[in-house]
Undergrad: 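Sharing a structure below in structure tokens format, with a few things to ask.
Heavy-atom basis, side chains included; hydrogens, waters and symmetry copies ignored. Start at 1 and go down the list; that is how both ligands and their atoms are numbered. The shown structure was predicted, so the numbers you read here are calculated from the model rather than taken from an experiment.
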Amino acid sequence: MFDKIISKSIPFIPKPVVRIFASKYIAGEEITDAVNVTKDFQRINGMTTIDVLGEYVSSKEQALNETAMQKMVIDAIESESLPTYLSVKPTSVGMGIDPDFGFTNILEIVSYASEKDVFVRLDMENSPYTSLTLDYYKKLREKGFENIGFVIQAYLKRSMNDLVDLKGYQPNVRLCKGIYVENPEIAYKEFTEIQENYIKLLDFMLDNGYYTAIATHDERLISYAEEALKLRETDRKDYEFQMLLGVRENRRNKLLKHHPVRIYVPFGSDWYGYSIRRFNENPEMAKTVALSFIRFWNK
Ligand code: FDA
């Protein structure tokens with residue numbers, strides 16, 4: 001209850017204060033910041049995926065700017081030969097304005113990336129975009145692109161059907177719990193129900209030849225995944241763990257000793273929405289931000 005009150009108070013805290021704490025979760029405002037984080041993590045054998053911060057855009061002009069930005073990231077990845085790839089939110093390049101227009105932009109990004117041997121992950125947004133995103137994936141694969149993957153959210157009741165439906169593609173899938181607020185008719189709401197579904201989906205992926213990116217910081221799921229991989233003697237080339245920049249770094253570094261690990265590295269000026277979501281997931285951090293502000297205010 002107290003945690004919820006604290007989380008709800010965050011939007012009332014001035015942005016510069018939030019920014020100080022957000023810096024833990026974002027590389028910085030420039031592509032060079034994301035490149036530097038990648039190089040640092042590469043030194044300890046880690047990999048990253050770079051995300052240009054930004055979500056739903058409301059004009060075609062913004063979507064085209066975002067598309068150009070994604071191509072700049074691809075250039076940076078290629079020119080520095082970095083162990084990284086691109087994660088893209090389809091609404092940031094216009095899916096929500098007009099799905100055909102959004103697809104044209106995604107196609108441009110994926111074909112540009114393909115020329116430069118860069119992989120592109122379609123992040124999964126809220127449920128109005130689930131089918132559209134998976135359709136984009138199918139269309140891209142049908143056009144012959146292999147450098148593409150998508151995300152499955154364990155909180156969605158439809159997820160197993162989606163995985164089964166896409167099995168023929170032997171896809172590269174990131175499995176996460178899901179971060180948006182969804183209706184109980186379509187989504188599991190209980191913590192353990194989501195964990196149970198995560199486990200079901202994970203087992204299915206490992207048993208059916210999907211490249212499996214295990215994206216979670218949840219200790220129960222990490223331990224389960226480690227056991228499941230061991231049991232199946234899954235080859236290192238067929239899976240990886242994924243975490244967000246700045247989250248559970250000790251655990252992440254421990255995982256790195258035994259498994260491939262990739263971190264999600266967001267950068268850009270549009271850092272506010274992303275940071276608020278991170279604070280909502282981490283009540284301790286949200287409390288620290290709120291209390292620092294109260295102390296500052298009372299000085
Ligand atoms: P959970 O939320 O239970 O966290 C487990 C533990 O980690 C808790 O102790 C918690 O405190 C700690 N923790 C979690 N987040 C933290 C934070 N920000 N700071 C500090 N501690 C934290 N979602 C989505 O809908 N679409 C997507 O495309 C993606 N993509 C994605 C990529 C990657 C690489 C990751 C790791 C996650 C995503 N997500 C996502 C987000 C995901 O759906 C989910 O919201 C978060 O990963 C939190 O869920 P956990 O499985 O980590 O469990």
Undergrad: Would you mind running through ligand 1 and noting each atom that sits below 4.0 Å from a heavy atom of M243?
TA: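 Listed by number with element, the hits are 34 (C), 36 (C).
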Undergrad: Pick whichever of V265, L122, L175, I179 has a heavy atom sitting closest to atom 41 (C) of ligand 1.
TA: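 Selected option, by shortest heavy-atom distance: I179.
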Undergrad: Side chain, backbone, both or neither: which part of V151 has a heavy atom under 4.0 Å from ligand 1?
TA: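 V151 to ligand 1: side-chain contact only, backbone stays beyond 4.0 Å.
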Undergrad: Check ligand 1 against D123 and write out every atom of the ligand that is under 4.0 Å from a heavy-atom position of the residue.
TA: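 Once the distances to D123 are compared, the set is 28 (O).
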Undergrad: Taking distance alone, with N or O pairs closer than 3.5 Å, would you say M124 contacts ligand 1?
TA: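 By distance alone, the answer is yes.
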Undergrad: Distance to the ring centre below 6.0 angstrom and angle to the axis at most 45 degrees; does that hold for K139 and F103?
TA: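 Checked: cation-pi criterion met.
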Undergrad: Are the charged groups of R121 and D51 less than 4.0 angstrom apart, N to O?
TA: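 No, no charged N to carboxylate O under 4.0 Å.
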Undergrad: State the atoms of ligand 1, each with its element, that fall below the 4.0 Å cut-off from a heavy-atom position in F191.
TA: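 Matching atoms, with element in brackets: 3 (O).
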Undergrad: Which atoms of ligand 1 sit under 4.0 Å from any heavy atom of L244?
TA: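 The list of qualifying atoms is 33 (C), 35 (C), 36 (C), 37 (C).
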Undergrad: Ignoring hydrogens and geometry beyond distance, is a side-chain donor-acceptor pair present between D218 and Y224 at under 3.5 Å?
TA: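 No pair is found: no donor N or O on one side chain lies under 3.5 Å from an acceptor on the other.
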Undergrad: So if I count the atoms of ligand 1 from 1 in the order they appear, which ones are less than 4.0 Å from some heavy atom of Y264?
TA: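 Matching atoms, with element in brackets: 32 (C), 34 (C).
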Undergrad: Which is it for E226 and F241 under the side-chain contact (heavy atoms from CB on, under 4.5 Å) test, yes or no, and what are the steps along the way?
TA: CA-CA 10 Å; E226 282 197 286; F241 283 87; 3.9 Å; yes
Undergrad: If you define the side chain from C-beta out and look only at heavy atoms, does anything of F267 sit under 4.5 Å from V265?
TA: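 Sidechains of V265 and F267: no contact.
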Undergrad: Does one side chain, of E125 or T91, offer a donor that lies under 3.5 Å from an acceptor on the other?
TA: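 Present: a donor and an acceptor within the cut-off.
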Undergrad: Check for me whether K177 meets the cation-pi criterion with Y155, that is, NZ or CZ under 6.0 Å from the six-membered ring centre and within 45 degrees of the ring axis.
TA: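 No cation-pi geometry.
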Undergrad: Test side-chain contact (heavy atoms from CB on, under 4.5 Å) on K237 and Y211; report intermediate values, then the result.
TA: CA-CA 8 Å; K237 69 173 180 17; Y211 182 90; 5.9 Å; no
Undergrad: Heavy-atom pairs closer than 4.0 Å: do any link ligand 1 to the side chain of K177, the backbone, both, or neither?
TA: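 Answer for K177: both.
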Undergrad: Could you check which of Q242, Q195, H217 puts a non-hydrogen atom nearest to atom 52 (O) of ligand 1?
TA: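 Nearest heavy atom to atom 52 (O) of ligand 1 lies in H217.
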Undergrad: So that I know where these two stand, are Y210 and F204 an aromatic pair - ring centroids less than 6.0 Å apart?
TA: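 For Y210 and F204, the ring centres are under 6.0 Å apart.
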Undergrad: Could an N or O of ligand 1 be found under 3.5 Å from any N or O of T216, whether backbone or side chain?
TA: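 Yes, since at least one N or O of T216 sits under 3.5 Å from an N or O of ligand 1.
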Undergrad: Is ligand 1 under 4.0 Å from a heavy atom in the side chain of Q153, in the backbone, in both, or in neither?
TA: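 It is the side chain that gets close, since no backbone atom is under 4.0 Å.
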Undergrad: Taking the non-hydrogen atoms of Y198, is any one of them nearer than 4.0 angstrom to ligand 1?
TA: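 Y198: no contact with ligand 1 (<4.0 Å).
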Undergrad: Check each heavy atom of E125 against ligand 1 and say whether those closer than 4.0 Å belong to the side chain, the backbone, both or neither.
TA: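 For E125, no heavy atom sits under 4.0 Å from ligand 1.
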Undergrad: Counting each atom of ligand 1 from 1 as listed, which ones have a heavy atom of Y180 under 4.0 Å away?
TA: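 The list of qualifying atoms is 25 (O).
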Undergrad: Distance to the ring centre below 6.0 angstrom and angle to the axis at most 45 degrees; does that hold for K138 and Y169?
TA: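 K138 over Y169 ring: no.
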